[in-house]
Amino acid sequence: MNISVRSLQSLRGLSSGRRGAMNVFDRSTKRKQKEWASSLLDSDKYDYLRDEVGSRVADRVYDVSRTFPLALDVGCGKSHMAEHLSKDIVERLFLTDISDSSLRNRRKCEIPSHCVLADEEFLPFKENTFDLVLSILTHIINNTKYPVVVIQIHQVLKPDGVFIGAVVGGETLYELRCSLQLAELEREGGFAPHISPYTAVTDLGNLLGQAGFNMLTVDIDEVQVNYPGMLEVMSDLQGMGESNCAWNRKSLLHRDTILAAAAIYKEMYGNEDGSVPATFQILYMIGWKPHESQAKPVKRGSANVSFADLSKMSKLQKTNEKS
Amino acid sequence: MSSSNVWSRSRARMRLFPELLAQCSGEAAAYGKCVASTTTGKQELTKNMCVKEFEALKSCFQSAAKKGVK
């Protein structure tokens, strides 16, 4: 591996500030990690998290009582959502991802689908094409570039189209983060970030609102997975293609630090049976592209009931029941 | 990746890591407790604050590795 090439690239990354947004992640490294992960023979072993999130996002699609003639799955990986969706809800599906080997190894689904190799930040579709956009963006994505992704999604959606997505939230892998931090502090005297920054719930609402989405709902879910130890957590993350790809990542982790972090992880967060938990906090969001048919807040001053009447509501209910 | 190079060798060594760590669970727990106590106490965690426990853990780990290597 060329450490000199990487440091050159990181210099370039730090100096290029496009539109004032920081370039935090190295997308070419991320693509390589994803290609490697999907080319593993036992890559199915690492799909459990994405499958779980995929089924929960698909549940939310069913909650919307509409049929979607054309849907798009951004960053689909091996297409974890399509197998939970049925042809009556989604009639045609486009799958896009940054790595072509994941698309090649994708799961079968009954919906007629087309695959497009595309980067999430540059969606090659015309405006106002899709009725539904789905995405599971795990911590891979540039959280600083996420505004760009959301704006792109907003553009390709038809008016009154809906975007249902899932991102990884701020509390994810906090056990791993804290253990590594404490170990590095104790062993080396300082610490470097090994886990990329995640989106906070509040940021998500702002992001979607600024991109122009209406009627937002964001809810949080936590998935806790138990592992035998810290190294299994890290190797599973690597197998999922989620290794660190930030420009400022340290190229090495000392053996002593790994040992220390594993001991700390087990001691601070271990369960009674000897396993250690890893928390994945997933934020689900639903946003609608504005359309005249959608309910809008009414004009100020047009109220015809007063909040003071709330106290009389229970009396009103009783009279209704009696009559 | 059929030839043995430094990456495949070091990955093979890393795979043994969890088993070796399991053999030193006492020392690991002592080290973990030492570090965890600093998070609740008033003092900040500085370098080598728990160096005694860590050296015990490391020597146990290394002797387990020497014993365990086939």
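Chain letters run A, B, ... following the sequence lines, proteins first, then strands; residues in each count from 1.
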Once rounded to the nearest 0.5 Å, what's the spacing between atom [atom1] of [X] and atom [atom2] of [Y]?
{"X": "A/Thr257", "Y": "B/Phe54", "atom1": "OG1", "atom2": "CZ", "value": "7.0 Å"}
{"X": "B/Glu19", "Y": "A/Leu231", "atom1": "CD", "atom2": "CG", "value": "11.5 Å"}
{"X": "B/Leu21", "Y": "A/Met230", "atom1": "CG", "atom2": "CE", "value": "9.0 Å"}

Q) Side-chain contact, heavy-atom cut-off 4.5 Å: B/Tyr31 with A/Leu259? A) no

Q | Check: A/Glu267 side chain, B/Ala36 main-chain N or O, donor-acceptor pair, under 3.5 Å | A |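 Not confirmed, A/Glu267 side chain does not pair with B/Ala36 backbone.
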
Q.
If we define contacts as heavy-atom pairs under 4.5 Å, which of A/Gly229, A/Gly274, A/Ala260 has the most with chain B?
A.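 The option with the most such pairs is A/Ala260.
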
Q: Would you please test A/Arg187 and B/Val51 for side-chain contact (heavy atoms from CB on, under 4.5 Å) and show each step?
A: CA-CA 8 Å; A/Arg187 287 285 91 223; B/Val51 64; 3.8 Å; yes

Q: Over all heavy atoms of both residues, which pair between B/Cys50 and A/Glu186 is shortest? Give the atoms and the distance, please.
A: N-OE2, 2.7 Å

Q: Please name the pair of heavy atoms, one in B/Phe17 and one in A/Ile258, separated by the smallest distance, quoted to 0.1 Å.
A: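 It is CZ-CG2, 3.8 Å.
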
Q: Between chain A and each of B/Ala22, B/Ala28, B/Ser25, count heavy-atom pairs under 4.5 Å; write down the option with the most.
A: B/Ala28

